[in-house]
Amino acid sequence: MHEKTSSVRVRFAPSPTGSLHVGGARTALYNLLFARREKGTFILRIEDTDVERSREELSAQILSAMEWLGLDYDEGPYHQSKRYDLYRAAAERLIAGGKAYRAFETPEELDTERKAAEASGRSYRYSGAGRRIPPEESERRARAGEKHVVRLAMPAEPIVVEDLIRGRIEFPADALDDFILVRSDGHPLYHFSVCVDDVDMRITHVIRGDDHLANTPKHVALFRALGSPVPRFAHLGMILGTDKKKLSKRHGAAAVEEWRDAGILPEALFNFLALLGWAPGDDREILARGEIEREFSLERVGASPSVFDPEKLLWMNAQYIAAMPGEELLERSAPYAPSAVPERETALKAIELHRTRARTTIEMGRALSVYADDPAAYDADGMKKQVKAETPGLLQRLAARYEALPAGEWTPERLEAALREVAGEAGVSAGKLIHPTRLALTGTTVGAPLFDVVALLGKETALRRIGKFLEAIAPRSPA
RNA sequence: GGCCCCAUCGUCUAGUGGUUAGGACACGGCUCUUUCAAGGCCGCGGCACGGGUUCGAGUCCCGUUGGGGCCA
């Protein structure tokens, strides 16, 4: 567990209405980072009061995505759906204290008022009629079972929010009307349950997406009505797709698990997300988690939105792959291998041969399988370009030369020398032999240095693959 | 429609009144090289616009434009 020496308490509060998006992940990450830096507590709260849209398995999905990314929380997960009593009690307290009131208008009446306002060109605002109902009457009508909502009595003064990232923001008093806290069916509404929970959980800092900024005056009014200290706010810029629109499924991989499945390492995504809106202040970009936790600060977080660039994520992932210890890289790439993985010693050597060539663990997994299974097919373009009339003859001579090579001399250097001798004797450039050989051994025209590959494959496998290739390129003999 | 937020290369960003505006991704070239990468070197490319304030604005203020959000 983490040392907690301050009273700083932050939370990440996702709605389980979809998988964890990178935007949400970044919000969670900044909360975590802030908590670590301040030696505070990071809380996870699932906002599942929207019964129609919330689903249990999505909640589990979010939890597993967070775990994978290393977004570990100190408290929770709390579920709002299990906290209805709290909201009900808070609503009653607010009514009793005159901070909120019952409103008995029917939806139809409100609709009429709205239409009238629009017709006369004014923007609609709730009349506040419920405010003027005497408490005894309100009480009596409620007890008689008359349908009503609960509304917050908004103050007449403007509300000022001191945002840690944006500075002072003033919202005019007439911009907000007495919004609904509790629906007529007794269901607490989003803004209400959020604030009641933040109070109950003693949240000191609310770090969340920009999309909640305009809701903040409501929350401030609610905290005050509840008689509780108002937390500090920090609103993060949105994460956008490459078309500058809010990142969504349309943009391709917007969910954390999609990146996991694409072979992105969690530490790379962690690093990448940390840098989407925050920078250490110097030119470092590859930062270990510990460094980020030590250096993160909200003062250095930018206010503007940022575009999620998959290209740069891929580059960063490649950096992590290049630097990761072989054993670990093997362990983490093996699950992505399309078929078998060679035995450990070979696999570790293969890792070293391919670590600068693989941007994802998927690519690394694919590279590993090449050393375990003979090619199932040969690259079509490569066949066209590299296989010439003289190719079978050359390959046969090479195979014969390799066959004769003593086991002790099966090294990249000797293998290269032997191939060059064969090419020299045949009066062709080495490339005429190198490229078809690569195709024969790996099925492709690209990859690690050929002689390292041949050496690693071993004599038996290399010769077998050349033989198979010769069969594949031999002209069909008439039956 | 009302209210609010945002604005440095295509993208992520450094920059907090005096900088040849720095770095990274991407892109182009060169190099290395059997291929593909990685690496190294070089290059392309930016302060949205208009007014102020100031001896001096990327930096401060106002407006415009453009993007975004919330409410309706």
Side-chain angles (χ1 to χ4, degrees), chain A residues 110-111 113-115 117-118 121-126 158-159 161 163 165-167 169-177 179 190-191 209-219 235-247 271-286 299-319 321-323 352-359 363 367 379 382 385-386 412 415-416 419-420 423 429-439 441-442 444-454:
Chain A
L110 292 174
D111 204 46
E113 283 180 28
R114 179 174 305 121
K115 290 223 173 81
E118 273 164 24
R122 290 170 291 124
S123 67
Y124 171 71
R125 185 132 303 130
Y126 172 63
I159 290 177
V161 176
D163 191 278
I165 292 171
R166 276 147 226 276
I169 305 161
E170 182 170 329
F171 295 85
D174 59 2
L176 291 327
D177 65 358
F179 64 99
Y190 175 78
H191 300 302
D210 203 352
D211 46 346
H212 284 104
L213 184 56
N215 292 325
T216 306
K218 294 182 182 179
H219 298 173
H235 287 94
L236 276 21
M238 298 276 86
I239 293 183
L240 313 175
T242 28
D243 59 355
K244 301 248 187 184
K245 303 272 186 225
K246 186 172 169 177
L247 190 70
N271 189 162
F272 182 78
L273 254 18
L275 256 31
L276 224 48
W278 173 83
D282 53 37
D283 288 340
R284 286 172 299 156
E285 294 212 274
I286 304 298
E299 294 82 74
R300 294 202 58 83
V301 172
S304 48
S306 22
V307 172
F308 185 95
D309 180 9
E311 275 301 325
K312 187 148 186 178
L313 207 211
L314 246 17
W315 166 80
M316 194 169 276
N317 202 54
Q319 299 294 307
I321 284 179
E352 294 317 314
L353 246 27
H354 290 273
R355 65 161 71 242
T356 61
R357 271 167 263 263
R359 296 209 294 177
E363 289 173 6
D379 179 74
K385 244 175 265 164
Q386 305 299 349
L415 290 162
E416 176 165 8
L419 180 141
R420 287 187 188 282
S429 68
K432 289 268 189 293
L433 212 33
I434 288 172
H435 298 299
T437 305
R438 182 194 307 286
L439 200 50
L441 297 182
T442 68
T444 73
T445 57
V446 301
L450 179 66
F451 304 106
D452 290 314
V453 174
V454 184

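Predicted model, so just to flag it, every value in this text is computed and none were measured. Letters A, B, ... mirror the listed sequences (proteins, then strands); counts begin at 1.
- Take A:Lys218 and apply the salt bridge (charged side-chain N to carboxylate O under 4.0 Å, His left out) test, not counting sequence neighbours, and it matches no residue.
- For the pair A:Asp283 and A:Gly302, nearest-nucleotide mapping onto RNA chain B gives the more 5' position to A:Gly302.
- Spacing of P atoms, B:C71 relative to B:G52, comes out at 40 Å, to the nearest Å.
- Taking atom CG of residue A:Asp177 and atom C1' of nucleotide B:G2, one finds them 12 Å apart after rounding to whole Å.
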Sugar-phosphate or base contact per nucleotide [nucleotides 4-13 of chain B; S, B, -; heavy atom under 4.0 Å]: SSSS---SBS
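- Considering only residues two or more places apart in sequence or on other chains, A:Asp163 meets the side chain to side chain donor-acceptor pair (under 3.5 Å) condition with A:His235.
- Straight-line distance between the P atoms of B:U35 and B:C9: roughly 38 Å, to the nearest whole Å.
- The distance from atom NE2 of A:His219 to atom P of B:G69 is 18 Å, rounded to the nearest whole Å.
- Remark: the separation of the P atoms in B:U16 and B:A21 is 14 Å, to the nearest Å.
- In this structure B:A38 sits in no base pair that meets the Watson-Crick or G-U test at under 3.5 Å.
- A:His235 has its NE2 atom 11 Å from the C1' atom of B:C70, to the nearest Å.
- As rounded to the nearest Å, B:U59 and B:U8 have P atoms that lie 12 Å from one another.
- Pairing for B:A26 is absent, with no Watson-Crick or G-U wobble pair whose two atom distances lie under 3.5 Å.
- Applying the Watson-Crick and G-U wobble criteria (two distances, each under 3.5 Å), B:A14 pairs with nothing in any strand.
- Rounded to whole angstrom, the span from the NE2 atom of A:His212 across to the C1' atom of B:C71 amounts to 13 Å.
- Every residue two or more places apart in sequence or in another chain was checked for a side chain to side chain donor-acceptor pair (under 3.5 Å) with A:Lys432, and none qualifies.
- Atom CD of A:Glu299 and atom P of B:A14 are 14 Å apart (whole Å).
- Without hydrogens or angle criteria, A:Asp177 side chain to A:Tyr126 main chain gives a donor-acceptor distance under 3.5 Å.
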Letter per nucleotide, 5' to 3', of nucleotides 30-45 of chain B [B base touched, S only sugar-phosphate touched, - untouched; heavy atoms, 4.0 Å]: ----BBBBSS------
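- Under the Watson-Crick or G-U wobble criterion, with both distances below 3.5 Å, B:G63 is paired with B:C49.
- The side-chain contact (heavy atoms from CB on, under 4.5 Å) test applied to A:Glu352 returns A:Arg355, not counting sequence neighbours.
- Put simply, CE on A:Met316 is 17 Å from P on B:G23, counting in whole angstrom units.
- The partner of B:A72 is absent, by the rule that a Watson-Crick or G-U pair needs both atom distances under 3.5 Å.
- Taking the P atom of each, B:G43 and B:U64 are spaced 42 Å apart, rounded to whole Å.
- Comparing the same atom, C1', in B:U13 and in B:C4 gives a spacing of 25 Å after rounding to whole Å.
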Verdict with supporting geometry, A:Leu313 and A:Phe308, side chain to side chain contact (heavy atoms under 4.5 Å, CB included): CA-CA 9 Å; A:Leu313 207 211; A:Phe308 185 95; 4.1 Å; yes
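- A:His219 and A:His191 have tilted rings, their planes meeting at an angle from 30° to 60° on a 0 to 90° scale.
- Residues satisfying the side-chain contact (heavy atoms from CB on, under 4.5 Å) criterion with A:Leu353, sequence neighbours excluded, are A:Tyr371, A:Ala448, A:Asp452, A:Leu456.
- Spacing between B:A57 and B:A48 at atom P, rounded to whole Å, works out to 16 Å.
- The side chain to side chain donor-acceptor pair (under 3.5 Å) check on A:His435 picks up nothing, with sequence neighbours excluded.
- With sequence neighbours excluded, the residues forming a side chain to side chain donor-acceptor pair (under 3.5 Å) with A:Asn271 are A:Tyr320, listed by chain and number.
- Nucleotides B:G23 and B:C30, compared at atom P, are 22 Å apart to the nearest Å.
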